[in-house]
*Asks:* 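Got a structure for you, written out below as structure tokens; questions coming shortly.
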Amino acid sequence: MMSKTITLESATLFSTIKHAKEALGFTFLLDITAVDNLNKATPSSGRFELIYILRHNTFKEIQLYKVALGDEDLSIESISSLFGSADWAEREVYDQYGIHFQNHPMLKRILNHNEFVGHPLRKDYEITKGQYCTTSQDLMDEMKPLLDARKLDMNKDELMIVNLGPSHPASHGTIRTLAALDGETIVAAAAEIGYLHRGFEKSCENHNYNQIIPYTDRLNYCSALMNNIAFAKTVEEMLDVTLPDRGIFIRIILSELSRVIDHLVCLAAGLLDMGGQTNYWYLFNPRNDAYDFLSKLTGARLTNSYMRIGGMTHDLYKGWESDLNDVLKKIDFGITESLKMITHNRIYNDRIQNVSPVSASQAIDYGFTGPNLRASGVTYDLRFTDPYYYYDSFDFNMVIGSVGDTYDRMMVRFDEMHESMKIIKQAMKRIPSGEINVPNKDITMPSKESVYGGIEGMMNQFKLVIDGVKVPEGEYYGAFEAANGELGFYIVSDGSGTPYKVKVRPPSFYHMAAYPKIIENYQLADAIMTLGSLNIIAGEMDR
Amino acid sequence: MDLSNTHMLDDAVVTTTIDTVVSWGREASLWPFVFGTACCAIEFMSTAASRYDISRFGAEVLRFSPRHADLLVVAGTVSYKQAPILKQIYDQMPEPKWVIAVGACACTGGFYDNYTTLQGIDEIIPVDVYVAGCPPRPEAILDAVLDIKRQLKREPKFEVRNTDFKGKLDDV
Ligand code: SF4
């Protein structure tokens, strides 16, 4: 299966996207990326193509627009006036491919450092060519226009600039925020990311599909298995294969367990930032029990690499049900105890209610997905709107908030954990016996016995290891409801075992883009809580 | 005052060397600064939480200012963009100071052999203990702390360490 794309002229791009948004209902810009055709055997057009991925406001349909750029003029009209989320997306394309966006408000590098020369995702940029960086930028180039727009002056208005991060205990990893303060109140803020840019997309172009699985683990490392599953599922859809039912059920159980773990980490760290250290123990310890279960199953606590294209490495072990039941009980206990401490706690409620609210329309404009979007009251969850893996046959609820403030974002996560545990319990009852992998020798590794015991199995194993799983030529965007929101993979295949291009649609990237805007007019201490509630995972944001 | 029973002081006075006293103190009160950037930092969180409990080894006073810390724990991938920040933090720590590189990324760049990642933090700062793993288990991180303790006992106590180290960012 491949995605349908509409090819446009670069001159008509802006008007076509505008029409799609205003008349056709494609109100959600998911991602923008580019493809470098340099190494393609039969390039269809010029060297660079831009891809715009949009979603319909019913949240079902996806539309891909493709624009070929002329080789002399690598520039195109920016659509950042139509979609808030386009701002950073276009900056990334500029940084990685060197394509200019006319009328973009602040076109500068975003992932690579300011001393970087060249554009790494171009096919002629050598993958191992690192460049040392000696200084960090002061970000005043971004702060100055913000202050000017608000008619503020550093000296006259007695403002103070505070820099948070990229190494700050409350900056959750490697995020940098620069805030201009009037007293305690933030009047303008700018954020810098890219400190954990690890070249995921470039690495993908140099590894075969199964070798990419360990890299996906490290996107959102708080729910590694879910990234495995999302990637494998996308490639399987390109191959037009579906897993046997037992494989699907294992994936459902592990996805939902990962969602719970992800939310546990988010809430534990968020409450710790607020001074609720006891909550940290209550929420963090059951997570350790879940890790015990996962390491018994997959051999690793955090970075499991358990999935493969077309299935997974092995079946569940004997006695997994009682272990998992035990884990669920402990998680339930942790959540209950934690909720007892905060539900009627005035400090908790007063500190985060009505802080940094995001309205439904704003959230869609920013490109929010997942719990952060649902907190704003938008009923979008891929498990409901475009169900995969039998999700429509489970009895569970979509959790939504009302005002989209920090409180809603945290409480939606608390409730989602209950819903996920409901799904796990139902799936444990319904899981059938049988095969777990796609019965296709071009996709699934042969069994150990046949590799060691026969020439056919050995050859088969050799071909799969050396060439990889061959994916038919074409391009495809696959989406998955991950713990943080819509995790998408846009993959271009040239028919070989190595992808020609992979682009992740990372939920955290878009949440982070909105962060400096939504903390404005709130206090610095509130911003810390807001950052925690957005659950920014740097690995996934910077890739 | 009768001075004939000075033997009673035997239990109250200990004679030792100043070095032993200093390392006895240092060893039981390492103050880590956690430079956590990626997945390995999540495993460091587990190390600090109650199951593994780093406080059993006297290293639970996590400092978030480098000026208060004497043990730098680098847990996670360090990109070229991040490198000057790591260097600055290391330079801000007072002597004596020790460094643990947690995980494949901090040790060698790990499987990010590409244009983004510093191929091991020892290109810019000196490292005392390397911890293998991707990520290492919490026990391995604890073992590294114990290693530092053993190491500091053997070292001269009043000298600045690693004076001859020269990193890639040192003369720029
Ligand atoms: S060593 Fe592995 S787990 Fe640790 S930061 Fe690097 S990729 Fe992540």
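These figures come from a predicted structure and were not determined experimentally. Every chain is numbered from 1 and lettered A, B, ... according to where its sequence line falls, protein lines coming before strand lines.
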*Asks:* Is Ala75(B) close to chain A through its backbone or its side chain, or both, or neither, when contacts mean heavy atoms under 4.5 Å?
*Replies:*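 No part of Ala75(B) comes within 4.5 Å of chain A.
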*Asks:* Is any side-chain heavy atom of Cys133(A) closer than 4.5 Å to one of Gln82(B)?
*Replies:*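 Not in contact.
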*Asks:* Of all the heavy-atom pairs spanning Leu169(B) and Tyr132(A), show the shortest one and how long it is.
*Replies:*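 It is CD2-CD2, 4.0 Å.
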*Asks:* Identify the heavy atoms of Arg301(A) and Tyr52(B) that sit nearest to each other, and give their distance.
*Replies:*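 For Arg301(A) and Tyr52(B), the tightest heavy-atom pair comes out as NH1-OH, 3.2 Å.
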*Asks:* Side chain from CB out, backbone as N, CA, C, O: work out which of these in Leu86(B) comes under 4.5 Å of a heavy atom of chain A, or both, or neither.
*Replies:*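 Nothing of Leu86(B), per the 4.5 Å heavy-atom cut-off to chain A.
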*Asks:* Would you call Arg51(B) and Asp289(A) a side-chain contact if the rule is heavy atoms closer than 4.5 Å?
*Replies:*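 Yes, their side chains come closer than 4.5 Å.
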*Asks:* Report which part of Glu192(A) has an atom under 4.5 Å of a heavy atom belonging to chain B: side chain, backbone, both, or neither.
*Replies:*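 Only the side chain of Glu192(A) comes within 4.5 Å of chain B.
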*Asks:* Is it the backbone or the side chain of Phe284(A) that comes under 4.5 Å from a heavy atom of chain B, or both, or neither?
*Replies:*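 Just its side chain gets close to chain B.
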*Asks:* Between Ser295(A), Gly194(A), Ser136(A), who has the most heavy-atom pairs with chain B when the cutoff is under 4.5 Å?
*Replies:*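 It is Gly194(A).
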*Asks:* Just so I understand: if I count every heavy-atom pair under 4.5 Å between each of Ile127(A), Thr174(A), Thr135(A), Asn285(A) and chain B, which residue has the most?
*Replies:*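 Top count of heavy-atom pairs under 4.5 Å with chain B: Ile127(A).
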*Asks:* Which atoms of Leu62(B) are under 4.5 Å from chain A, going by heavy atoms: the side chain, the backbone, both sets, or neither?
*Replies:*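 The answer is neither part of Leu62(B).
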*Asks:* Drop me the distance from Ser167(A)'s OG to Ile85(B)'s CD1, to the nearest 0.5 angstrom.
*Replies:*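 It is 8.0 Å, given to the nearest 0.5 Å.
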*Asks:* Strictly less than 4.5 Å between heavy atoms, which residues of residues 130-142 of chain B line up against chain A? Please order them by number.
*Replies:*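 If one takes a 4.5 Å heavy-atom cut-off, the residues of residues 130-142 of chain B near chain A are Cys134(B), Pro135(B), Arg137(B), Pro138(B).
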*Asks:* Is it the side chain or the backbone of Ile42(B) that comes within 4.5 Å of chain A heavy atoms, both, or neither?
*Replies:*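 Both parts, backbone and side chain.
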*Asks:* In terms of side-chain geometry, is the basic nitrogen of Glu115(A) or Lys81(B) positioned less than 4.0 Å from the acidic oxygen of its partner?
*Replies:*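 No, Glu115(A) and Lys81(B) are not salt-bridged.
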*Asks:* Chain A contacts: which residues in residues 143-154 of chain B have a non-hydrogen atom closer than 4.5 Å to it?
*Replies:*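 The list, in residue order, is empty: none.
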*Asks:* I want to check something: taking the side chain as every heavy atom from C-beta on, are Leu302(A) and Cys39(B) in contact at a cut-off of under 4.5 Å?
*Replies:*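 Sidechains of Cys39(B) and Leu302(A): in contact.
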*Asks:* Going by distance alone, is a donor N or O of one side chain under 3.5 Å from an acceptor N or O of the other, for Asn114(B) and Thr128(A)?
*Replies:*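 No, Thr128(A) and Asn114(B) have no side-chain donor paired with an acceptor closer than 3.5 Å.
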*Asks:* Determine, for Tyr115(B) and Lys129(A), whether the Lys NZ or Arg CZ falls below 6.0 Å from the six-membered ring centre while staying within 45 degrees of the axis.
*Replies:*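 Not satisfied by the 6.0 Å and 45° rule.
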*Asks:* Tell me whether Arg56(B) at atom CZ has more than 12 heavy atoms from other residues, nucleotides or ligands lying less than 6.0 Å away.
*Replies:*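 Correct, the count exceeds 12.
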*Asks:* Please look at Asp292(A) and chain B and tell me whether the side chain, the backbone, both or neither of the residue comes under 4.5 angstrom of a heavy atom of that chain.
*Replies:*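 Contact with chain B is through the side chain of Asp292(A) alone.
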*Asks:* Which label fits Tyr215(A) and Tyr112(B): parallel for a plane angle under 30°, tilted from 30 to 60°, or perpendicular past 60°?
*Replies:*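 If you compare the ring of Tyr215(A) with that of Tyr112(B), the planes turn out perpendicular.
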*Asks:* Tell me, side chain or backbone of Thr117(B) under 4.5 Å from chain A's heavy atoms, or both, or neither?
*Replies:*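 For Thr117(B), the side chain is the part near chain A, not the backbone.
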*Asks:* What part of Glu123(B) lies closer than 4.5 angstrom to a heavy atom of chain A: side chain, backbone, both or neither?
*Replies:*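 When you check distances to chain A, only side chain atoms of Glu123(B) fall under 4.5 Å.
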*Asks:* Let me see the working for His197(A) and Thr116(B) under side chain to side chain contact (heavy atoms under 4.5 Å, CB included), right down to the final yes or no.
*Replies:* CA-CA 6 Å; His197(A) 179 44; Thr116(B) 56; 3.4 Å; yes
*Asks:* Using heavy-atom distances under 4.5 Å, tell me whether Arg198(A) contacts chain B through its side chain, its backbone, both, or neither.
*Replies:*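 Arg198(A) touches chain B through backbone and side-chain heavy atoms alike.
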*Asks:* Which residue out of Trp281(A), Tyr291(A), Phe116(A), Tyr125(A) racks up the most heavy-atom pairs below 4.5 Å with chain B?
*Replies:*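 Most heavy-atom pairs within the cutoff with chain B belong to Trp281(A).
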*Asks:* Side chain, backbone, both or neither: which part of Asn206(A) has a non-hydrogen atom closer than 4.5 Å to chain B?
*Replies:*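 Contact with chain B is absent: no heavy atom of Asn206(A) under 4.5 Å.
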*Asks:* Sub-3.5 Å donor-acceptor pair from the side chain of Ser79(B) to the main-chain atoms of Tyr195(A), do we have one?
*Replies:*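 Yes, Ser79(B) side chain to Tyr195(A) backbone: donor-acceptor pair under 3.5 Å.
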*Asks:* Which bit of Ala41(B) comes within less than 4.5 Å of chain A, counting heavy atoms only: side chain, backbone, both or neither?
*Replies:*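 It is neither, since no heavy atom gets under 4.5 Å.
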*Asks:* Sort by residue number and list every member of residues 535-543 of chain A having a non-hydrogen atom under 4.5 Å from chain B.
*Replies:*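 Hits under 4.5 Å: none found.
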*Asks:* By number, which residues in residues 257-270 of chain A have some heavy atom less than 4.5 Å away from chain B?
*Replies:*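 The stretch touches chain B at Val265(A).
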*Asks:* Could you walk me through whether Thr77(B) and Leu196(A) pass the side chain to side chain contact (heavy atoms under 4.5 Å, CB included) check?
*Replies:* CA-CA 7 Å; Thr77(B) 321; Leu196(A) 197 57; 3.8 Å; yes
